[in-house]
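Here the structure is laid out as structure tokens; the discussion comes afterwards.
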2 protein chains.
Amino acid sequence: MPTLREETLLLDHLRRRGLRATPERRALLRAIFAQHRHIDAEEILAAARAGGHKISRATVYRNLDLLVECGLVARVTLPGGRAVYEHLHPGLAHDHLSCRQCGRMVEFVSPGISALLVEICRAHDFDLATPQLQISGLCRACATAGQGRRAHG
Amino acid sequence: MPTLREETLLLDHLRRRGLRATPERRALLRAIFAQHRHIDAEEILAAARAGGHKISRATVYRNLDLLVECGLVARVTLPGGRAVYEHLHPGLAHDHLSCRQCGRMVEFVSPGISALLVEICRAHDFDLATPQLQISGLCRACATAGQGRRAHG
DNA sequence: CTGGTTGCAAATACTTTGCAAGATG
DNA sequence: CATCTTGCAAAGTATTTGCAACCAG
């Protein structure tokens, strides 16, 4: 298995911060980059283990933040509140539009919005290093079905 | 205590869907509209009880979705994953920019982004009735402090 | 009266944490 | 060898659900 370019970035990040390069951290990174969709913590754990690594749930949670901080991974919160992760590729940013009813998610790119975001972030003194824009709406299917709904039980 | 305009909207919504107007639902609505900041489920429960209403935690959770669906209330997910709610006023939409590190949140209005969002939603067949845009970034303070960080324990 | 709704408490889901053993630089 | 990390399991925190009693239409 060749060394991913991202793995080098992670190692650099760890070294800069005086943290250690453990096999668990590499396994975690690889598990996320092996998947090309949004996966949650539990799926990441399963993927890492399926890859032949011995790793615990606690270690997954403890290191996900680390990967997000170094910009290799993004944490996306679905409308319902569920947290999922995806790998990032510098220069290929995209944003998310998701349905708050059924959870269906669409990825899109909008240079116009990105430009305006730069303005807004500057105005409010926010760092845009890893901007993340999440829009929640209602997809057509749910908007239509939503007319007649029943109570909870 | 006068009847809120929003209460009428809620009652209409309930009638249209064949749901019932219970004192708990009204109390919940009033509790949220009495606060002019973002509050979580627990605070809403406390506010409703402080208002002299007997209401349970389960009822709060069961009905928050209802209020969000009828467009009177918005659910905002903070970067850390915490869910807070705020009352909405038609025509006075605003969006959220929050720091994924310290949670500091800034509200802003951007006609330009709103216009582009309309385009994007149309293109992806999403309903913009209650658009909600959430941007997560890193505020200057956290970006600066973030340079030297230590490990977890 | 009929069936949506509530309260309670138990259950569930997700994430964090204390601690001793085990790595890494 | 210092101390950063891990695994395990227990502890949190947030939210949901089963069920019987209750109440709105």
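In what follows, chains are A, B, ... by sequence order, proteins preceding strands, each numbered from 1.
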Is the shortest side-chain N to carboxylate O distance from Lys54(A) to Glu24(A) below 4.0 Å?
no
Please give, in whole Å, the distance from dT5(D) P to Arg17(A) CZ?
9 Å
Would you kindly give the CD-to-P distance between Glu42(B) and dT16(D), to the nearest whole Å?
14 Å
Atom pair distance, as rounded to whole Å: CG in Leu45(B) and P in dT6(C):
13 Å
Using whole Å, report how far CG of Leu19(B) lies from C1' of dC23(D).
15 Å
Do we see a donor-acceptor contact under 3.5 Å between the side chains of His94(B) and Glu86(B)?
yes
Whole-Å distance, His53(A) NE2 to dT5(D) C1', equals 17 Å
For Arg57(A), which contact category applies under a 4.0 Å heavy-atom criterion: base, sugar-phosphate, or nothing?
base
Quick check for you: among dG7(C), dT6(D), dA9(D), whose closest atom lies nearest to any side-chain atom of Asn63(A)?
dT6(D)
Report the nucleotide, chosen from dG7(C), dA24(D), dT17(C), that has the shortest atom-to-atom distance to any side-chain atom of Lys54(B).
dG7(C)
Which is more 5' along DNA chain D, the nucleotide nearest Ala21(B) or the one nearest Ala41(B)? Just name the residue.
Ala41(B)
Round to a whole Å and report the spacing from CG of Leu64(B) to C1' of dA14(D).
13 Å
N or O in side chain of Tyr61(B) less than 4.0 angstrom from dT15(D) OP1/OP2
yes
Side chain of Thr59(A), heavy atoms from C-beta onward: which of dT6(D), dT15(D), dT6(C) has the nearest atom to it?
dT6(D)
Taking only the side-chain heavy atoms of Ala83(A) (C-beta and beyond), determine which of dT5(C), dT15(D), dT15(C) contains the nearest atom.
dT15(C)
As a test of reading the structure: which of dT5(D), dT17(D), dT6(C) is closest to the side chain of Glu24(B), going by heavy atoms?
dT6(C)
Answer for the Watson-Crick or wobble partner of dA20(C), both distances under 3.5 Å, is dT6(D)
Any side-chain N or O of Thr22(B) below 4.0 angstrom from OP1/OP2 of dG4(C)?
no
Assign the ring pair His38(B) / His96(B) to parallel, tilted or perpendicular, where the plane angle (0 to 90°) is split at 30° and 60°.
perpendicular
Parallel under 30°, tilted from 30 to 60°, perpendicular over 60°: which one fits the rings of His124(B) and Phe108(A)?
tilted
Measure from CZ on Arg62(B) to C1' on dC22(D) and round the result to the nearest Å.
13 Å
Please state how far atom CZ in Arg82(B) lies from atom P in dA13(C), giving the value in whole angstrom units.
24 Å
Ion pair Glu69(A)/Arg17(A), N-O distance below 4.0 Å:
yes
For Arg20(B) and for Arg49(B), find the nucleotide of DNA chain C with the closest heavy atom, then tell me which residue's nucleotide is more 5'.
Arg20(B)
